[in-house]
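Comments concern the structure below.
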There are 2 protein chains.
Amino acid sequence: MAGRGRPRRFDRDAALRAAMRVFWEHGYEGTSMADLTSAMGINSPSLYAAFSCKEALFREAVELYVRTDGGAPQRALREAPTVRAGIDAMLRVNATAYTDPETPRGCMVVLAATNHTEANRDIGDFLAELRRQDLAELRARLDAALADGELPAGTDTAGLARFYVTVLHGLSIQARDGAGRDELLAAVDAAMSAWPAP
Amino acid sequence: MAGRGRPRRFDRDAALRAAMRVFWEHGYEGTSMADLTSAMGINSPSLYAAFSCKEALFREAVELYVRTDGGAPQRALREAPTVRAGIDAMLRVNATAYTDPETPRGCMVVLAATNHTEANRDIGDFLAELRRQDLAELRARLDAALADGELPAGTDTAGLARFYVTVLHGLSIQARDGAGRDELLAAVDAAMSAWPAP
DNA sequence: TCATTTATGTAGTGATCTGTACATAATTGG
DNA sequence: CCAATTATGTACAGATCACTACATAAATGA
C-alpha cells in the first residue's frame, strides 16, 4: 500500500511537530505558510500534498498537541484519587509545563486563535470547543465527587467548575506574559484555598 | 487654527468609537483596513489623514477603551474602601460588563492581540504592558493593605496579586467563550472565598 | 475674487497571503 | 526495461493586505 511512487523525503511526524510548535507560538493567523515550510524544512507543494491545507494542518497539529504536551493537565485531573487532588495537580502541571523554557509559554488551545478574522471563525470555534471540554470535564468530575460525598452537600459545582477553568485558562495568559513558575504556583495555592470547607 | 481648508465630513470621535468596537471584537490582526473603513463609514484616505496608520488607530482605540469601558474594573478597585471590597468589585464589574449583550464579550486588552505575527510584536507588547499594569496595581493595593493591617502579617501579596489577575484575565476568556453572567459571578464568589483568613 | 489649504473619492501601488500548474525525479509492479 | 504512481522544486496565479497618488471639492485669508 505504501510502496508505489517516489518516497517522501521528509519525516511527516517530525514536520507535524515543527508545525505544532510554530502554531503554538504564533497562533493560527500569526503563522504564514512561509513560516511553516521554513520551520518544517519542506517546500509548499510537499506540505500541501501531505497535509491538504493550512486549516487541516492546524487541526492535526492541535490533535497532536492535546495528545502530548497539552493533555498533561487533563490527564493529571483524571488520574488523581480525589477531585481536590485532581484539580490541584491539574493546575500545578499547567503552571509548571507552561513555564518550561523548552516550550512556548501558555496553552495552545487557549492562545492560538483567541482573535481571528470572520473567514477563520471555524478555527476559533474548534479551539473554543476544546476549552468547553475542559469545563465539562471539571464539571463532571465535581458532580461525581459530590455524589460520592467528597464535597459538602449543596456545593455549587457549576460555579466551582467555572472558577477552576477560569484559573486554568487564565494561567496561560500569565505564562505568556512572562510570569515565573513560582509566581504561578503561588497563584495555584491561592486558587486551592478557595476549596469549599467540608 | 481649525478653520482653514475643507472641513472634515465625519465625526472623528464617533469614527474612533466604531474602530474601537471592531478591534475589540476581532483583534488587531483580525481586523482589516477594509473592515475599519466600512465600520467607520469613511474611505481609506480619510482614515489615514485622521489617524496616520492602522497601528496608530489601534493604539488610540485602546486608549479610548481603557478610558471608558475597559477601565471600569480598575476604577472599581481604586474606589473601594478596602482592598477586599476593591478586588471583589473589580471582578464583579468585570463579569457584569463583559457579559453585556450590547458590547463585545471579554476585555479588549486581554483578547485583541494574544496572537500576532513577528511584524506586529510591538502591538502585542503594548497590550501586554497594560496587562502588567493590572498586576502592578493589584500588588500595590495589596501591599498598602498589608501595611495598614488589612491583611494578616506575612501574607504573600505577590502570589495573591498574581492569583487575582489570573482570575481577572481568565474571566475574559470565559466571557468570550459564551459563559453567562451568573456563571461568572459564581466563579467570582469562589475566587473571593480564597481570601486569606484574618 | 483668487490663492492657499485641507478633505474626499477613485483608482490604484507593491507586498504578502494561501494555494497550484507543471516539468522532473524517484520509486514499484509487471 | 517500461508504464504507472507519487514526491519534489520552481515558478507563479489570484486574492487580499496596508497604504497612497492624484484630481477635485470645499472651506478660509487676503
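The sequence lines fix the lettering, A, B, ..., with proteins before strands; numbering per chain opens at 1. Keep in mind it's a predicted model, so treat the numbers as computed, not measured.
Residue-level contact check: A:T31 touches the backbone only, with heavy atoms under 4.0 Å from sugar-phosphate atoms and none from bases.
In this entry the distance linking CZ of B:F58 with P of D:dA18 reads 13 Å, nearest Å. Rounded to an integer number of Å, the gap from CD of B:E118 to C1' of C:dT16 is 16 Å. Following rounding to the nearest Å, B:E29 (CD) and D:dA18 (C1') show an atom-to-atom distance of 12 Å. Across the protein-nucleic acid pair, A:M40 atom CE and D:dT8 atom C1' stand 15 Å apart, rounded to whole Å. In this structure, the CZ atom of A:F10 is 20 Å from the P atom of C:dA25, given to the nearest Å. The CG-P distance, from A:L36 to C:dT16, rounds to 17 Å in whole Å. Rounded to whole Å, atom C1' of D:dA18 lies 15 Å from atom CG of B:N43. Rounded to an integer number of Å, the gap from OH of A:Y28 to C1' of C:dT18 is 9 Å.
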Checklist entry - Checking salt bridge (Lys or Arg N to Asp or Glu O under 4.0 Å) for the pair B:D143/B:R139: CA distance, chi angles, key distance, verdict? => result CA-CA 6 Å; B:D143 281 337; B:R139 175 73 193 276; 3.2 Å; yes
Next on the checklist: salt bridge (Lys or Arg N to Asp or Glu O under 4.0 Å) for B:R59 and B:E55? Distances and angles first, verdict last.
Outcome noted: CA-CA 6 Å; B:R59 287 175 186 267; B:E55 176 167 348; 2.9 Å; yes
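Ring geometry for A:F51 against A:F10 counts as tilted: the plane angle lies between 30° and 60°, on a 0 to 90° scale. In this pair, A:Y164 and A:W195 present their aromatic rings tilted. The plane angle is within the 30 to 60° band.
Less than 4.0 Å separates DNA chain C from at least one heavy atom of each of the following residues of residues 44-52 of chain A: A:S44, A:P45, A:Y48.
Between the side chains of A:S32 and A:D35, a donor-acceptor pair is found at a separation under 3.5 Å.
When distances are taken from the side chain of B:P7 to each of C:dA25, D:dC19, D:dA27, the shortest belongs to D:dA27. The listed nucleotides are D:dA18, D:dG9, C:dG19; the one nearest the side chain of B:M33 is D:dA18. Of the candidates C:dT8, D:dG29, C:dT28, the closest approach to any side-chain atom of A:R4 belongs to C:dT28. Listed candidates were C:dT8, D:dG29, D:dT8. Nearest to the side chain of A:R9 is D:dT8. For B:S32, counting side-chain heavy atoms from C-beta on, the closest listed nucleotide (C:dT8, D:dA18, C:dA25) is D:dA18.
Rounding to the nearest 0.5 Å gives a distance of 11.0 Å between OH of A:Y28 and CG of A:L127. Going from atom CG of A:L130 over to atom CG of A:D125 covers 11.0 Å, rounded to the nearest 0.5 Å.
Ranked by how close their nearest DNA chain C nucleotide is to the 5' end, A:D35 and B:I42 are led by B:I42.
A:R6 contributes a side-chain N or O that forms a donor-acceptor pair with the base of C:dA25 under 3.5 Å.
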